[in-house]
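What follows is a short report on a single structure.
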There are 2 protein chains.
Amino acid sequence: MTTGSKQDNIIDSYVALLSEQGLHDATIEATARHCGLSKAGLLHHFPSRQALDAGLVSRLRTLIDDDVAAMAQAPERAVHYYLASSLDEASPLERMVVAATRLAQSGNEEAAQVLRSGRDRWYALLVEALGDPALAKLALLAGDGLSYHLDITRGARDGFMGEGTLDELVALLVNRQPAA
Amino acid sequence: MTTGSKQDNIIDSYVALLSEQGLHDATIEATARHCGLSKAGLLHHFPSRQALDAGLVSRLRTLIDDDVAAMAQAPERAVHYYLASSLDEASPLERMVVAATRLAQSGNEEAAQVLRSGRDRWYALLVEALGDPALAKLALLAGDGLSYHLDITRGARDGFMGEGTLDELVALLVNRQPAA
DNA sequence: GTCTATACGGGGATAGAC
DNA sequence: GTCTATCCCCGTATAGAC
């Protein structure tokens with residue numbers, strides 16, 4: 001858990017750069033400028049890039065915990081909730097997941113481990129909601145596919161995902177639900 | 001289209017590093033070493049990093065064209081083909097797609113454009129095979145989700161995807177198929 | 001707590017020998 | 001066509017003033 005608000009701002013900026021421009025451009029200086037600091041100013045709060053990454057992973061853990069708790073409170077809408085979250089590029093969790101995925105892809109094992117652990121918990125909730133492991137897997141994978149899709153369409157409105165698509169997908173998944 | 005075999009080897013090495021270790025570690029020097037060259041030796045064939053990226057995108061185009069053609073030849077197995085391809089980490093196309101996704105995520109618009117174009121063509125084939133746009137979307141997204149899943153589990157055998165999972169997913173998708 | 005200035009290392013790219 | 005040597009830029013990190 002982060003202690004202060006300044007640290008939080010820095011992580012927010014880091015997540016923004018990481019998710020929007022990738023690891024290469026998410027430098028310490030760029031992150032510092034993004035939240036109105038100098039390089040050294042940022043390094044006072046996070047004394048190294050490793051520390052910054054660790055701070056991000058720590059926040060990721062918190063956001064996932066909160067999201068799993070929220071999703072568990074409305075089991076009947078779990079599928080809709082999961083897919084809608086994956087589609088919401090503006091949500092702090094979704095941005096964070098994208099950012100953490102970038103770190104994981106570059107060899108950060110903690111980030112990868114936390115992402116896997118989150119996936120396991122979301123999956124468990126989907127199994128409960130749908131009553132079928134295979135169908136739950138399909139729902140989970142579709143959600144991850146949505147994230148990927150947003151990733152490669154960034155900015156380029158290309159009409160692949162229309163307005164009603166989310167509901168269509170939910171309907172396909174939920175209508176196959178066996179009696180609970 | 002690439003002309004020689006040396007260029008191909010270099011692209012292969014670049015794809016390998018990019019997909020396995022991310023953009024950060026896929027440096028020109030690392031790529032050169034990976035295929036037994038020095039930095040300058042590589043730069044003789046691809047005079048800049050931009051040129052290397054462009055070469056990769058060009059190969060991506062070729063691989064997608066070939067794959068779309070192959071998939072179109074067995075429409076009745078299109079779903080199985082697409083999901084199995086997404087799951088095959090060793091396939092040249094899958095490795096290339098992962099590599100190109102890394103470039104796209106870091107702002108390479110050509111890579112993103114080619115990936116989107118491929119997605120559109122695979123989607124069209126899935127619509128044909130399944131007879132339903134929404135179901136085809138679900139199949140496509142599930143395939144992309146599989147890629148993502150492999151991405152964050154790299155090396156860490158974690159049992160989420162078992163042996164029979166692929167067939168389960170195919171069955172779920174194909175059994176919902178309306179009369180063609 | 002934040003700044004300027006600086007040291008250090010590494011990646012991209014060029015020059016020139018072989 | 002491939003190498004060694006070199007240059008420059010930039011990202012990380014530290015020192016020290018305010």
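In what follows, chains carry the letters A, B, and so on, assigned in the order in which the sequence lines appear, proteins first and then strands, with residues in each chain numbered from 1. What you see is a predicted model, and the numbers here were worked out from it, not measured in a lab.
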Output all residues satisfying side-chain hydrogen bond (donor to acceptor under 3.5 Å, both in side chains) with [X], sequence neighbours left out; order by chain, then residue number.
X: B/D65; value: B/R121
X: B/H34; value: B/S13
X: A/Y82; value: A/D144

task = Give, ordered by number, those residues of residues 17-29 of chain A having at least one heavy-atom distance below 4.0 Å to an atom of DNA chain D; if nothing qualifies, reply none.
result =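 Output list: A/T27, A/I28.
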key: Stretch residues 102-111 of chain A: residues that reach within less than 4.0 Å of DNA chain D through a heavy atom   =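 Contacting residues: none.
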message = My understanding is that only residues two or more places apart in sequence, or in another chain, count here; which of them pass salt bridge (charged side-chain N to carboxylate O under 4.0 Å, His left out) with A/R49?
response =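 Listed in chain order: nothing, the list is empty.
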Atom [atom1] of [X] and atom [atom2] of [N]: how far apart are they, to the nearest Å?
X: A/H45; N: D/dA13; atom1: NE2; atom2: C1'; result: 16 Å
X: B/R49; N: D/dC9; atom1: CZ; atom2: P; result: 19 Å
X: A/L43; N: D/dA15; atom1: CG; atom2: C1'; result: 13 Å

If the condition is side chain to side chain contact (heavy atoms under 4.5 Å, CB included), which residues does [X] pass it with, not counting sequence neighbours?
X: A/R77; result: A/H80
X: A/A111; result: A/V57, A/L103, A/A104, A/N108
X: A/V98; result: A/S19, A/E94, A/R102, A/D151
X: A/A40; result: A/S38

ask   = What is the 5' to 3' range of DNA chain C, first to last nucleotide, that sits under 4.0 Å from any heavy atom of chain B?
value = C/dG11 to C/dA15
key: Contacts of B/H149 that satisfy ring-ring contact (aromatic ring centres under 6.0 Å, His included) - sequence neighbours left out   =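 Partners of B/H149 by the ring-ring contact (aromatic ring centres under 6.0 Å, His included) criterion, ordered by chain and then number, come out as B/F160.
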request  = Inspect the contact between A/R59 and A/D8 and indicate whether a charged nitrogen and a carboxylate oxygen are less than 4.0 angstrom apart.
outcome  =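 Judged by the 4.0 Å cut-off on N to carboxylate O distance, A/D8 and A/R59 do form a salt bridge.
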